[in-house]
Amino acid sequence: MPEDDLYREIILEHASHPHHHGTVTSATHTTEGRNPVCGDEIALSWNEKDGKVSDIAFDGTGCSISQAAASILCDSVIGLPTSQALACARSFRAMLVEGTAPEDDMSDMAALQGVQAYPARVKCALLAWNLLAESLEAEEQSHD
Amino acid sequence: MPEDDLYREIILEHASHPHHHGTVTSATHTTEGRNPVCGDEIALSWNEKDGKVSDIAFDGTGCSISQAAASILCDSVIGLPTSQALACARSFRAMLVEGTAPEDDMSDMAALQGVQAYPARVKCALLAWNLLAESLEAEEQSHD
Amino acid sequence: MTTSAHPLAHFDVQEIRKDFPILNDGTRTRPLSYLDSAATSQKPAVVLNAMHDYYVHANANVHRGVHELGDAATSRFEHARHRVARFLNADPRGLIFVRNTTEALNLVATGIARQGGLMASDRVVLSVLEHHSNIVPWQLERSTHGFAIAAIPLHPDGTLDMDEARKLLAPPTKLLSITYQSNVLGTVTPLKELIAMAHEAGILVAVDGAQRVPHARVDMKDLNCDFFAMSGHKVYGPMGSGILWGKPELLSSMSPFLGGGSMIDTVTFERTTWAELPQKFEAGTPDVAAAVGLAAACDYIDSLTYEAIEAHEKDLMQHLLHMLDSLPYIDVYGPNDRERIVGAVSFNVRGVHAHDVGTICDRHGVAIRVGHHCCQPLMRHLGVPATARASVAAYVTHDDIDSLGEALADVASIFGQVITQHTSPASQMEHRHA
Amino acid sequence: MTTSAHPLAHFDVQEIRKDFPILNDGTRTRPLSYLDSAATSQKPAVVLNAMHDYYVHANANVHRGVHELGDAATSRFEHARHRVARFLNADPRGLIFVRNTTEALNLVATGIARQGGLMASDRVVLSVLEHHSNIVPWQLERSTHGFAIAAIPLHPDGTLDMDEARKLLAPPTKLLSITYQSNVLGTVTPLKELIAMAHEAGILVAVDGAQRVPHARVDMKDLNCDFFAMSGHKVYGPMGSGILWGKPELLSSMSPFLGGGSMIDTVTFERTTWAELPQKFEAGTPDVAAAVGLAAACDYIDSLTYEAIEAHEKDLMQHLLHMLDSLPYIDVYGPNDRERIVGAVSFNVRGVHAHDVGTICDRHGVAIRVGHHCCQPLMRHLGVPATARASVAAYVTHDDIDSLGEALADVASIFGQVITQHTSPASQMEHRHA
Ligand SMILES: Cc1ncc(COP(=O)(O)O)c(C=O)c1O
Ligand SMILES: Cc1ncc(COP(=O)(O)O)c(C=O)c1O
Ligand code: FES
Ligand code: FES
């Protein structure tokens, strides 16, 4: 086995000790979704304050990829303006779907790049990220 | 084209000028059936007297093979004891289904031997003959 | 004979025939003039190879695997879906793989009726042209849901009575299901006009496209029908391949058709919820090889181009109709304007049963279809129990049609006496001396 | 590794592997251990060749032609029907070609319910073991016809609670539809006992045989069920092939399933009558190639003999279960008596999601299935969201199973920390030093 392109240390670490696991109290936003292939579900809850994601958490169970991706998501967008959080979700999506190289500021997100080589698992990595993107996009549109 | 193995002169003659076409008046037996492949129908009617087929006729339309076979049927069994008529129908069937060589006394019936080479047309040749056989077999059983 | 005379000079039918293994079957003892493509087309090697390639490199069940072959099978299957969708200029989410046109039309009938979309007070409109596969599915649902069925009548030449159509496309009609091209007469229905009329009255339109796609480009966006059914096996694709396309928003609100694996979201004994489109309508293990083969058939048609196929087939039909019209003992069915007869033509040898005609053609190595062509109501309209039908395809040649002409002359000579009874002596003479 | 140790010494798995092109795919860059045959089996060359041969020498539509190819196609199709009927020791009149088990079970549910055979006061009995394809078809008919559905519960080890079965096989139950062998647990249900109980109470029995036919001879006369569904693609046959067999007298009195060509006698818009069996249930152009391929698969199995396949698979399952039971971090589902686990086994790596197990196995070239296996009620019974499943077939070797063992050790080493949390230190040690 070559150096692991999927189950990197950092992923396993996030999966076994996820950050921001649980629900945000009195969240301004909640959303949940299911990966239809496996039936796994993830729920996101966050607080938006002054146009920023002031707090965020995820709940639900699933494979290590989906859990790590959700944990990394929370780490990555907490404190960001919502527009930047959305941009972040879009870069992540582009990295996995279109194969775009990860940007410099993607930090732990880039660790999931290896998922691209596992078509059946892309849905896992995107589960939480798609939920966030869809929710922020819907919000953006309603502001237009 | 070699000498015609299907549309022999005798078949065409029976088909264009069928013998015993119509219905027998005050028939003791009537039966009708359809070839499911084409939808063509034939009706047979006959009189049984003293254990013999004293009169017989056929009605309905269909291809030349079915019409010739019905015409030849009427010619062949008229006047025969019913048991012999049934034997006749069975020999005919055997000739077409099992490829048995025609017996000496089969006369015009043997002209239909060529149908065997045309699987899709065997049903045509058997249409009237099967009707007769089934009817006589049912009668035989009810006498047991 | 090549068709080098027609405008698209690069279309060489002899070259095309090389693509079809069955047309070059060395084990045959006599020639084959296959004029029965409307029943099922022959398959080019590229289609057979695509299926074989799937089995040898990628065979697995789809949508459920996390293993390499499962990924490969799923990706080939979904690629096929997108390929066929592109072929039809259709939204791939609405593209459901089925076995054939028959299954596609049953899917529509069941999906709508089961959802409560066809009730006792409603009406479904068909036409007298329809194939049984666009009649019986509606009757089966009628037996449970009790709606009415009406059929647009035909003019004597088999064209639709558009005045009657207009009257029927009004309340309580909920749905029009109609053929795009008659498999018996070769005529094309005025579908865009019918669809506009129907939509104006809030009526859904399902199209039986089985006989159209073999002969002309069909474009879902342009046509704007609600449902479209076709058989892959009639367009150079494999047996067991077919398509139902439907507008995604309609399919989403419909009841599923078959229940089973892949089409569900969650299952409990109390209540089950459905998967998203298109999986919702693809229960159980699909025939991945058939889908892959159909996609290859789309590639094949596009490589020939519909323009070239249409030009070639038009030339063939002219030759065919000219031949039939020149034989005094032949009755051709359909409009007098022969330009309107496309891809297939029905006829009878006067006084001779169609099955006898079929058998004699077969003895000349000419494969035509005889019978009611699964169109008993149309046969009743034409007043005949059966017809003979010759149909063309990209690989058909003038020679094939000339062989049919010879076979028909043989029918005339074998049944000469019968024909004489049905034909005027003058025209009979003409033929005898031809 | 060959299985020369087992009694049938002429069974050489390496020779058998040569029959399967995909197992000898020179384009692969890594080995393939295909342990997912329960999803779909690989196909031997004889099956692929039979289909190709059909397309190259006999392709035409069936039942309607009077031409040579039509005869050839019809005769190959009907020969296939008789071949498969002989394989199942079944009356060929009751043998209907379908796409897969799912379609077969939908056919039974629709045919009975539409005929009025399942009404609001009736009950259908299933079991908690069932695949979605033996649950959802009944629910779809329930939505129209309103009958009740009940499920025979399971003991904790996944075997049927026969006491509860006995109670349910009584009025108002009209029909029992049940699996012969679990696709998740590999257990075989006491079918003959259930059928006897059901018949005593005048209850019809439909059998989902999808997972049984790959592993053992099934005999319709001996089993005496009323309906039997199977997938050809799971028994070395092509995708798109499957069978519903039913007692002819029952099928004759049932409503048709799909409406269309070939299944009718006469059609008018007012009233349509049905063809005789088996055509009544085969609407539209069938997939002749799939039927021909399935018949070739029957020939293939008979050439290997079920006796040899069973002995070989029993040996494989012993090796597999021994390996799984020796790994302390593995939970195996099903009865403790491992002899009762046939053809397939489900397990989980404690603390690790089944999809992660599946992906790591895949990286070792080991194809297993992970997920709910279209058995969500059974997953709920087992108290897990998903399992990993390994299944065997004639072409599987000890090496394939050893590769799975290595992959599982890799799972353990990647997820070591997680597993530690879920496993006792002692057994954990044992594994680490193995
Ligand atoms: C027990 C059982 N029933 C039914 C099915 C459904 O088979 P298919 O997908 O071929 O319709 C399967 C396989 O997936 C199965 O294992
Ligand atoms: C107009 C038309 N509709 C429907 C069908 C049915 O197609 P299939 O038998 O492929 O379901 C056919 C062909 O037989 C047809 O010509
Ligand atoms: S397997 Fe369910 S989310 Fe990854
Ligand atoms: S074709 Fe109808 S009986 Fe011969």
Side-chain angles (χ1 to χ4, degrees), chain C residues 21-22 25 27 36 39-40 42-43 48 52 55-57 59-61 64 66-69 99-100 102-103 106 114 132-133 135-137 139-140 144 149 151 231 233 239-240 256 258-261 264 266-267 269 272 283-285 287-290 355 358-359 362 367 369-371 374 376-377, chain D residues 21-22 25 27 36 39-40 42-43 48 52 55-57 59-61 64 66-69 99-103 106 114 132-133 135-137 139-140 144 149 151 231 233 239-240 256 258-261 264 266-267 269 272 283-285 287-290 355 358-359 362 367 370-371 374 376-377:
Chain C
I22 202 169
D25 179 356
T27 69
D36 195 19
T40 198
Q42 297 304 338
K43 326 300 177 198
L48 303 183
H52 195 262
Y55 279 123
V56 167
H57 299 301
N59 177 62
N61 214 317
R64 302 181 216 160
V66 286
H67 55 70
E68 183 194 348
L69 289 180
R99 180 173 43 239
N100 51 26
T102 303
E103 189 182 14
N106 279 273
R114 192 182 262 159
H132 294 161
S133 70
I135 299 175
V136 188
Q139 295 180 320
L140 288 175
T144 303
I149 294 175
S231 294
H233 68 88
M239 299 300 252
L258 304 185
I264 56 90
T266 52
V267 174
F269 285 103
T272 289
T285 306
D287 187 340
V288 186
H355 275 74
T359 294
D362 179 47
R369 183 124 309 215
V370 297
C374 302
Q376 290 182 0
Chain D
I22 203 170
D25 179 357
T27 69
D36 194 18
T40 197
Q42 298 303 338
K43 326 301 176 199
L48 303 183
H52 195 263
Y55 278 123
V56 168
H57 299 301
N59 176 61
N61 214 318
R64 302 181 216 163
V66 286
H67 55 71
E68 183 194 349
L69 288 180
R99 180 173 43 240
N100 51 27
T101 302
T102 302
E103 189 182 14
N106 279 272
R114 192 181 262 159
H132 294 160
S133 70
I135 299 174
V136 188
Q139 294 181 320
L140 288 174
T144 303
I149 294 176
S231 294
H233 68 89
M239 298 302 249
L258 305 184
I264 57 89
T266 53
V267 174
F269 286 104
T272 289
T285 307
D287 187 341
V288 186
H355 275 74
T359 294
D362 179 47
V370 296
C374 302
Q376 290 182 359

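As the structure is a prediction and not an experimental result, all values here were calculated from the model.
- Looking at D/Ala290, neither its backbone nor its side chain comes within 4.5 Å of chain C, counting heavy atoms on both sides.
- With respect to chain D, the highest number of heavy-atom pairs below 4.5 Å among C/His233, C/His52, C/Glu68 belongs to C/Glu68.
- Residue with the most contacts toward chain D among C/Thr27, C/Ile149, C/Thr144, C/Asn100: C/Asn100 (heavy-atom pairs, distance under 4.5 Å).
- Using a 4.5 Å heavy-atom cutoff, the side chains of D/Val56 and C/Leu48 are in contact.
- In this structure, C/Ile135 and C/Gln376 have side chains that are not in contact, with every pair of non-hydrogen atoms separated by 4.5 Å or more.
- For D/Asn59, the side-chain hydrogen bond (donor to acceptor under 3.5 Å, both in side chains) partners are C/Gln42, D/Tyr54, not counting sequence neighbours.
- With a threshold of 4.5 angstrom between heavy atoms, C/Leu69 approaches chain D through side-chain atoms but not through N, CA, C or O.
- Among C/Ser133, C/Gly358, C/Pro21, the residue making the largest number of heavy-atom pairs under 4.5 Å with chain D is C/Ser133.
- Most heavy-atom pairs under 4.5 Å with chain C: of the set D/Thr40, D/Val267, D/Val136, D/Asp25, this distinction falls to D/Val267.
- How far NE2 of C/His132 is from OG1 of D/Thr272: 7.5 Å, rounded to the nearest 0.5 Å.
- Contact check for C/Asp287 versus C/Arg99: no side-chain heavy atoms found under the 4.5 Å cut-off.
- Heavy-atom minimum distance, C/Lys43 versus D/Tyr55: CG-CD2, 3.7 Å.
- Only the side chain of D/Asn106 comes within contact range of chain C, with at least one heavy atom under 4.5 Å from a heavy atom of that chain.
- For chain C, no part of D/Ser231 is nearby; none of its heavy atoms comes within less than 4.5 Å.
- Both the backbone and the side chain of D/Thr285 come within contact range of chain C, each with at least one heavy atom under 4.5 Å from a heavy atom of that chain.
- Closest approach of C/Cys374 and D/Gly261 over heavy atoms only: SG-CA, 3.8 Å.
- Proximity to chain C involves both the backbone and the side chain of D/His57, based on heavy atoms less than 4.5 angstrom apart.
- Options D/Gly371, D/Ala289, D/Ala60 differ in how many heavy-atom pairs under 4.5 Å they form with chain C, and the most are formed by D/Ala60.
- The contact between D/Leu140 and chain C is made by backbone and side chain atoms together, counting heavy-atom distances below 4.5 Å.
- Scanning both residues, D/Ala283 and D/Gly260, for their nearest heavy atoms gives CB-N, 3.9 Å.
- By the side-chain contact (heavy atoms from CB on, under 4.5 Å) test, D/Ala39 pairs with C/Asn61, D/Asp36, D/Arg369, D/Arg389, sequence neighbours left out.
- Of the atoms belonging to C/Leu258, heavy atoms from both backbone and side chain fall under 4.5 Å from chain D.
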